[in-house]
Participant: 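Encoded as structure tokens, here's the structure I'll be asking about.
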Amino acid sequence: MPLYEHVFIARQDISPAQVEGLTETLQKIISDNGGKIEKSEYWGLRSLQYRINKNRKGHYSLFNINAPAAAVQELERQEKINDDVLRALTIRVDALDPEPSPVLSRRDRGDRDRDRDRGDRDRGDRGDRDRGDRDRGDRDRGDRDRGDRGRRF
């Protein structure tokens, strides 16, 4: 049978328990149509790159699916009907990866790695860009010294 990776995004205003119920419903669709979910991951509530139906965040989930094409088509049809699903993407792959996805691996690293990635920014080192080194000189602000700062209303 063909192998697929399937990611769907659920609305931000449903609870994680409701997302789990939705995940179980979608898994049942695959199993009822002769397929099998090899791996299921919940990536959590994450920010969207752009607004989708007035949602700024979404609950992300991943399935690794081993199923016939008809089962995946039925899954996608049911997701289009369901108002809780914002987006879904299915990709056919040659092999399924049994390891945790990079999204989960990155989240498991913890805060200590994120702090280390920031480098000098945490300590406030600015090098040559130190504010005391800059001399802007006297500037004629003209009309900008007014309280409205030259804004147009």
Side-chain angles (χ1 to χ4, degrees), residues 1-131 133-134 136 148-153:
M1 280 191 279
L3 306 173
Y4 301 93
E5 286 186 359
H6 179 80
V7 176
F8 71 92
I9 306 171
R11 290 183 309 131
Q12 66 185 358
D13 54 348
I14 64 175
S15 69
Q18 289 174 309
V19 174
E20 187 176 322
L22 177 63
T23 301
E24 290 171 2
T25 303
L26 297 176
Q27 287 176 344
K28 187 173 182 332
I29 292 169
I30 292 292
S31 62
D32 289 348
N33 288 296
K36 182 179 176 190
I37 302 289
E38 301 290 336
K39 177 174 71 170
S40 176
E41 292 180 356
Y42 174 65
W43 293 346
L45 185 66
R46 302 170 58 92
S47 295
L48 299 173
Q49 199 65 29
Y50 54 90
R51 270 203 230 166
I52 301 173
N53 297 337
K54 299 182 182 177
N55 289 285
R56 294 183 182 270
K57 293 186 176 190
H59 295 274
Y60 283 71
S61 293
L62 167 78
F63 291 155
N64 281 353
I65 302 172
N66 184 0
V72 175
Q73 288 173 348
E74 178 63 18
L75 172 70
E76 290 175 344
R77 186 182 79 79
Q78 290 293 330
E79 286 177 333
K80 287 178 185 175
I81 293 171
N82 193 330
D83 290 335
D84 290 337
V85 178
L86 298 174
R87 290 282 193 275
L89 176 68
T90 306
I91 299 174
R92 184 170 180 194
V93 294
D94 293 329
L96 296 175
D97 188 14
E99 300 294 319
S101 65
V103 173
L104 283 183
S105 301
R106 189 172 352 154
R107 189 171 55 174
D108 290 342
R109 284 191 325 188
D111 292 334
R112 61 181 168 78
D113 289 341
R114 248 183 278 141
D115 291 340
R116 186 176 54 206
D117 291 343
R118 291 184 184 156
D120 294 339
R121 289 184 286 167
D122 270 349
R123 293 191 304 252
D125 297 340
R126 297 187 191 270
D128 294 338
R129 300 182 314 171
D130 190 5
R131 294 190 188 278
D133 293 344
R134 287 189 272 185
R136 296 182 183 225
D148 64 348
R149 295 282 183 214
R151 294 185 196 134
R152 295 180 191 173
F153 294 105

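Remember, predicted model here, so these are calculated numbers, not experimental data.
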Participant: Between E76 and Q73, is there a donor-acceptor pair closer than 3.5 Å when you use the side chain of the first and the backbone of the second?
Facilitator: no
Participant: What are the two closest heavy atoms between Y4 and L96, and how far apart are they?
Facilitator: O-CD2, 3.6 Å
Participant: Is the count of non-hydrogen atoms from other residues, nucleotides or ligands lying under 6.0 Å from D83 atom CG greater than 12?
Facilitator: no
Participant: Compare every heavy atom of G58 with every heavy atom of I9, then report the nearest pair and how far apart it is.
Facilitator: CG2-CA, 3.7 Å
Participant: Is it the case that the side chain of K39 and the backbone of L62 share a donor-acceptor pair, with hydrogens and angles ignored and the cut-off at 3.5 Å?
Facilitator: no
Participant: Quick check: closest heavy atoms across A10 and L86, and the distance to 0.1 Å?
Facilitator: O-CD1, 4.1 Å
Participant: Without swapping roles, check the side chain of D84 against the backbone of N82 for a donor-acceptor pair under 3.5 Å.
Facilitator: no
Participant: Between I30 and F63, is a side-chain contact (heavy atoms from CB on, under 4.5 Å) present by the stated rule, with each step listed?
Facilitator: CA-CA 10 Å; I30 292 292; F63 291 155; 5.7 Å; no
Participant: Would L48 and R87 count as a side-chain contact (heavy atoms from CB on, under 4.5 Å) here? Give the steps.
Facilitator: CA-CA 11 Å; L48 299 173; R87 290 282 193 275; over 6 Å; no
Participant: Distance check, rounded to the nearest 0.5 Å: E99 atom CD versus S101 atom OG?
Facilitator: 11.0 Å
Participant: Test your reading of the model: is there a side-chain donor-acceptor pair from H6 to the backbone of I65, 3.5 Å cut-off?
Facilitator: no
Participant: Taking all heavy atoms of Y42 and all of S61, pick out the closest pair and write down the distance.
Facilitator: CD1-OG, 3.6 Å
Participant: Q78 side chain to I29 main-chain N or O, any donor-acceptor pair under 3.5 Å?
Facilitator: no
Participant: Closest approach of P68 and G34, non-hydrogen atoms and distance?
Facilitator: CD-O, 3.7 Å
Participant: Which pair of non-hydrogen atoms, one from H59 and one from V19, has the smallest distance, and what is that distance?
Facilitator: CG-CG2, 3.5 Å
